[in-house]
Structures are given as structure tokens and as C-alpha cells.
Undergrad: 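Mind looking over this structure? Questions follow.
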Amino acid sequence: MKHTSMKHDDVKDYYGKVLQGSDDLQTNACCTPDDVPDYLKTVLAKIHPEVTEKYYGCGLVAPMALKGAAILDLGSGSGRDVYALAGLVGEGGSVLGVDMTDEQLDVAWRHEDFHAAAFGYAQPNTAFKKGYIERLGELGLADDSFDIIVSNCVINLSPDKPAVLREAFRLLKSGGELYFSDVYADRRVPAELLDDPVLYGECLSGALYWNDFLTLAKEAGFADPRLVEDRVLTIENPEIEAKLGGIGFYSATYRLFKLDLEPACEDFGLSVTYLGAMPNGGAEFVLDKDHVFAAGAEVAVCGNTYLMLKDSRFAPYFEFSGNFATHRGIFTGRGGRLPFDPANGGSGSCC
Ligand SMILES: C[S@@+](CC[C@H](N)C(=O)[O-])C[C@H]1O[C@@H](n2cnc3c(N)ncnc32)[C@H](O)[C@@H]1O
């Protein structure tokens, strides 16, 4: 895949000039479901309305245990997720947003002091830089410098998705994660649909076929991508649906850990117990769709899952048992189902 400035310019035009606000979107691809946890509703209620009006995300990019984290948001737009995360990381954390579209950045820059005051901070813990998410080296961002990288409905718009994933891997600290929502297709989207600025701008024709995404993620170094949640996109625009000719689209949140993981889930007789004290968490901790840990229950896990919990910021919230001394074969306790399978609890559309 080659980088083309043509697609960048088309996308800048779409988000900087064609759209004036989320009401101008022509499909429901960029919309976030309403079932937002209460602690997040409290933070979102503090976001400036001008920022919210130009929000074009497709999921929630607020994983647990964020206090003190250094976070990077790829394609931060008007800054809604940057500001929500700024409220969650606390004054000791920091959130940097990168975007290429002047009009979106102008909105984000305008409200830094407003949000610092809203969260009661002496000074902003946010920053925004203009740049391309495929070329973050140009912004002087150092290797291994972020705890978490988020992105919300952006990577589908990139003309060079492998570069974005490679850059994310480079910038994450060991044990950090890329936690991001995006749009995926149930098959490869025909090349001619990429030239339609509306289909591309609405986050549809640039969407990766999910299995190609998994391959690219693994090639970038993220050995065991985990699907956290997904929902069907219903489009709800007959003209656009006709052009798409029956391709199915999903909005999904994946988490990709930068860890020395194996290509498959292997069994070493390991187990973990969630201690139940995650800030803002309830009685359960959701690592991904196949791994929901109830407080106090000891659960057998594969080597990769064990490492995602033990060698990450989640370690203080778990008790760990076992070691890697004896391999027992492939781990059979995990779902192993296809992503976006309705039988796997896929949810409906949001708008
Ligand atoms: C669908 S909007 C999502 C914005 C934001 N994440 C949100 O949830 O509101 C896509 C954003 O990504 C930015 N973007 C798309 N491709 C980009 C790229 N290659 N480099 C930097 N920014 C990009 C656009 O400028 C736009 O602001």
C-alpha cells in the first residue's frame, strides 16, 4: 500500500469543509452507542459543546485504569476523546492529539484552558499537534513513549494503514496498548469504491476487511489482537447502500498490546483472579469479548492473556498463579470464534 496525498486532501476537505457538524453525516457509520457508563457520562458532560458538535467517532475509546497515563489520540479531530481522557488520567497524566485537518485542530486548540478549568487542573494536561498518523516521526515523537494509544474512527481513512500500525507499535511502551474503535468490512471493498469521496469520507470504503486487519496488526508486531466490542452498522441511506452492493460493515473496538506474545493462545496451566478494585470498574473486568473476569473468581487463562494482565497496568488488580515452565498444548478454554459473529454476542446498530 502506497501513501498518497490525494486521499489525505480528500479527507481534510470532508472533515474540514464538507461537514460542519455530526448532523451533516450521511450514514450512521460515525456514531457512538448510548450505553455509556456513568463515570464517563460525568466526564463527557464537561466537554465544551463546540467540541462535541464536531465529534465524528464510532465507539468508546476509554479503557480502564487510566490514572497518570500518557495517552496519544490518532486523528483526534475536535478533541472530544482527548478531553474526556484528560479528565480520566488526572492532572498527573497527559493526552496528546494528532490530526491533519486545520478546521478540526482549531476547535480543539481553542478549548484547552476551558477543559483544564472544568477538571480543576492548574494547567492543561492536553496538547494537539498537526501531522499525519502515518508519519509521527515528523512530530518528534519518541519510541516507547506512550502508555496507551487510542483512535476513534480514523484508521479506515488512512491511505497507508500498515504505517499507522507500525508507528503505534513503535511509540507504545512495553505493556502498553493500542485501544481503538474503527469500521471494518465483512469482505474486501472493491477498489473503485475508494474513489467515491462520500463513501470514503463516511468511513466506509476505506474500511479494512476484518481478516486483513488481523494480518496487518500481527505484521506490525501486535501478535494477539483482542476484539472488545462490536456492532453492526446499518448505514440507513438507500443510495449509499445501493453503491455498497451488500457489503456488511461493523464498528468494532480492538485492543492490541505491545508485549512479547505468542501467535496462538497456549496452555501453561496458568490462572488469574480479578481482585475487584479497578477504579470506575464494577464487579467485572472486561479484557475482551472472550475474557470477562468476575471479582474473586479464579479463572484458567492462556499464556497471552496472563501476560496482558501481568505485564501491563492491570497487574495490581489481579492475583496470578502458575508459571511458564510446562507447556500443556493449545489452550482450549477461549472462544476461538469469528469476530462479528452474532452468536458471539454482536450488538445492534446505534442510531
Ligand atoms: C471520523 S473523524 C474522527 C475524529 C475524532 N477521532 C472523533 O472521534 O471525533 C476522522 C478524523 O481523522 C483525521 N484524519 C484522517 N486521516 C488522518 C491522517 N492520515 N492523519 C491525521 N489525521 C487524520 C481527520 O482530519 C478527522 O479529523
Side-chain angles (χ1 to χ4, degrees), residues 1-33 36 44 47-62 71-85 95-109 111 126 128-139 141 149-168 178-183 194 197-208 233 249 251 253 350:
M1 251 177 277
K2 285 257 165 14
H3 159 76
T4 71
S5 67
M6 194 48 216
K7 274 282 173 256
H8 280 152
D9 290 346
D10 291 341
V11 172
K12 278 184 201 171
D13 203 55
Y14 204 70
Y15 286 94
K17 300 196 167 57
V18 175
L19 301 181
Q20 295 306 311
S22 31
D23 288 348
D24 296 334
L25 289 164
Q26 296 193 34
T27 70
N28 70 357
C30 291
C31 74
T32 305
V36 176
L44 291 174
I47 307 285
H48 194 285
E50 194 190 5
V51 168
T52 310
E53 272 158 29
K54 289 181 184 287
Y55 167 69
Y56 305 116
C58 53
L60 285 175
V61 289
I71 302 184
L72 169 66
D73 182 1
L74 302 177
S76 46
S78 62
R80 193 200 77 150
D81 292 324
V82 167
Y83 287 126
L85 294 165
V95 193
L96 169 66
V98 172
D99 204 286
M100 65 180 181
T101 302
D102 291 317
E103 291 84 348
Q104 289 284 81
L105 283 163
D106 286 342
V107 175
W109 274 318
H111 300 297
T126 52
F128 294 92
K129 290 191 182 214
K130 181 174 176 177
Y132 295 101
I133 59 174
E134 301 84 359
R135 311 196 309 250
L136 294 164
E138 291 175 2
L139 300 180
L141 303 183
I149 299 181
V150 301
S151 186
N152 198 345
C153 226
V154 177
I155 297 177
N156 73 84
L157 296 167
S158 171
D160 190 353
K161 297 165 177 63
V164 178
L165 294 168
R166 280 195 304 272
E167 280 291 77
L178 170 59
Y179 186 98
F180 75 110
S181 298
D182 209 350
V183 176
L194 289 167
V198 173
L199 292 187
Y200 198 88
E202 292 277 326
C203 299
L204 293 169
S205 60
L208 282 170
L233 294 182
F249 289 91
S251 166
T253 303
C350 77

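Ligands are counted one by one from 1 in listed order, and the atoms in each one are counted from 1 as well.
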Undergrad: From Gln20 CD over to Tyr15 OH, what is the distance, rounded to the nearest 0.5 angstrom?
TA: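 So the CD of Gln20 and the OH of Tyr15 are separated by 13.5 Å.
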Undergrad: Given Tyr14, Phe180, Tyr56, which has its nearest heavy atom closest to atom 9 (O) of ligand 1?
TA: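 Among Tyr14, Phe180, Tyr56, the closest heavy atom to atom 9 (O) of ligand 1 belongs to Tyr56.
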Undergrad: What I want to know is whether Asn152 and ligand 1 share at least one N or O pair that is separated by under 3.5 angstrom.
TA: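 There is such a contact, yes.
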Undergrad: For Ser76, is there any backbone N or O sitting under 3.5 Å from a side-chain donor or acceptor partner on Asn152?
TA: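 Flag not set: sc Asn152 to bb Ser76 has no pair under 3.5 Å.
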Undergrad: Would you mind listing which atoms of ligand 1 come within a distance below 4.0 Å of any non-hydrogen atom of Glu134?
TA: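 Those qualifying, in numeric order: 19 (N).
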Undergrad: Quick check: does Ser158 get an N/O under 3.5 Å from an N/O on ligand 1?
TA: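 Checking ligand 1 against Ser158, no N or O pair falls under 3.5 Å apart.
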Undergrad: Does a side-chain heavy-atom distance below 4.5 Å link Glu53 with Asp23?
TA: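 No, every pair of side-chain atoms sits at 4.5 Å or beyond.
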Undergrad: Any nitrogen or oxygen of Gly75, main chain or side chain, under 3.5 Å from a nitrogen or oxygen of ligand 1?
TA: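 Such a contact does occur with ligand 1.
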Undergrad: Numbering the atoms of ligand 1 from 1, which are under 4.0 Å from a heavy atom of Asp81?
TA: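 Result: 8 (O).
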Undergrad: Ignoring angles and geometry beyond distance, decide whether Tyr132 reaches within less than 3.5 Å of ligand 1 through its nitrogen or oxygen atoms.
TA: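 Looking only at distances, the answer is no, because the N/O contact criterion of under 3.5 Å is not met.
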Undergrad: Return yes if some donor-acceptor pair links the side-chain N/O of Lys129 with the main-chain N/O of Leu136 below 3.5 Å, else return no.
TA: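 Checked: no pair found.
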Undergrad: Could you say whether the N/O atoms of Leu157 and ligand 1 ever approach to under 3.5 Å?
TA: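 No: no nitrogen or oxygen of Leu157 is under 3.5 Å from one in ligand 1.
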Undergrad: Atom 24 (C) of ligand 1: which of Leu105, Asp10, Asp99 has the nearest heavy atom?
TA: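 Answer by nearest heavy atom: Asp99.
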Undergrad: Minimum heavy-atom separation for Leu85 to Val61, with atom names?
TA: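 Nearest pair, atom of Leu85 first, then Val61: CD2-O, 3.6 Å.
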Undergrad: CG/Asn156 to CG/Asp182 distance, rounded to the nearest 0.5 angstrom?
TA: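 It is 4.5 Å, given to the nearest 0.5 Å.
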Undergrad: Is it the side chain (CB and beyond), the backbone, both or neither of Val11 that lies under 4.0 Å from ligand 1, heavy atoms counted?
TA: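 It is the side chain that gets close, since no backbone atom is under 4.0 Å.
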Undergrad: Does His8 have a non-hydrogen atom less than 4.0 Å from ligand 1?
TA: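 The answer is yes, since His8 has a heavy atom less than 4.0 Å from ligand 1.
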Undergrad: Has the side chain of Tyr179 got a donor or acceptor atom that lies under 3.5 Å from a matching backbone atom of Ala62?
TA: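 Such a contact is absent between Tyr179 side chain and Ala62 backbone.
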Undergrad: Heavy-atom contacts under 4.0 Å between Tyr15 and ligand 1: side chain, backbone, both, or neither?
TA: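 Looking at Tyr15 and ligand 1, just side chain atoms fall under 4.0 Å.
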Undergrad: Do you know which two heavy atoms are closest between Arg135 and Glu167, and how far apart they sit?
TA: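 Looking at all heavy atoms of both residues, the shortest contact is C-OE2, 3.9 Å.
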Undergrad: Under the side-chain contact (heavy atoms from CB on, under 4.5 Å) rule, collect the residues that match up with Val18, sequence neighbours excluded.
TA: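 With neighbours one apart ignored, the set is Asp13, Tyr14.
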Undergrad: If you take all heavy atoms of Cys153 and Val183, which pair is closest and at what distance?
TA: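 Closest pair (atom of Cys153, atom of Val183, distance): SG-CG2, 4.0 Å.
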Undergrad: Identify which of Ile133, Ile155, Asp102 has a heavy atom lying nearest to atom 20 (N) of ligand 1.
TA: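 It is Ile133 that holds the nearest heavy atom.
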Undergrad: Only heavy atoms count here, so choose which of Met100, Arg80, Glu202 is nearest to atom 15 (C) of ligand 1.
TA: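 Minimum heavy-atom distance to atom 15 (C) of ligand 1 goes to Met100.
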Undergrad: N/O to N/O below 3.5 Å, does that happen between Ser76 and ligand 1?
TA: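 In fact, backbone or side chain, Ser76 has no N or O that close.
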Undergrad: Might you point out which heavy atoms bring Phe128 and Tyr83 nearest each other, and give the distance in Å?
TA: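 Heavy atoms of Phe128 and Tyr83 come nearest at CE1-OH, 3.2 Å.
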Undergrad: At under 4.0 Å between heavy atoms, is it the side chain or the backbone of Gln104 that contacts ligand 1, or both, or neither?
TA: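 Looking at Gln104 and ligand 1, just side chain atoms fall under 4.0 Å.
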Undergrad: Please enumerate all residues that pass side-chain contact (heavy atoms from CB on, under 4.5 Å) together with Val154, with sequence neighbours excluded.
TA: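 Only Ile133, Ser151 meet the side-chain contact (heavy atoms from CB on, under 4.5 Å) criterion with Val154.
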Undergrad: So is Lys12 close enough to ligand 1, meaning a heavy atom under 4.0 angstrom away?
TA: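 It does not, in that no heavy atom of Lys12 comes within the 4.0 Å cut-off of ligand 1.
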Undergrad: Tell me whether Gly131 reaches ligand 1 (any heavy atom closer than 4.0 angstrom to a ligand atom).
TA: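 For ligand 1, residue contact (heavy atoms, under 4.0 Å) with Gly131 is present.
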Undergrad: Taking both backbone and side-chain atoms of Gly57, is any N or O found less than 3.5 Å from an N or O belonging to ligand 1?
TA: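 Yes: some nitrogen or oxygen of Gly57 is under 3.5 Å from one in ligand 1.
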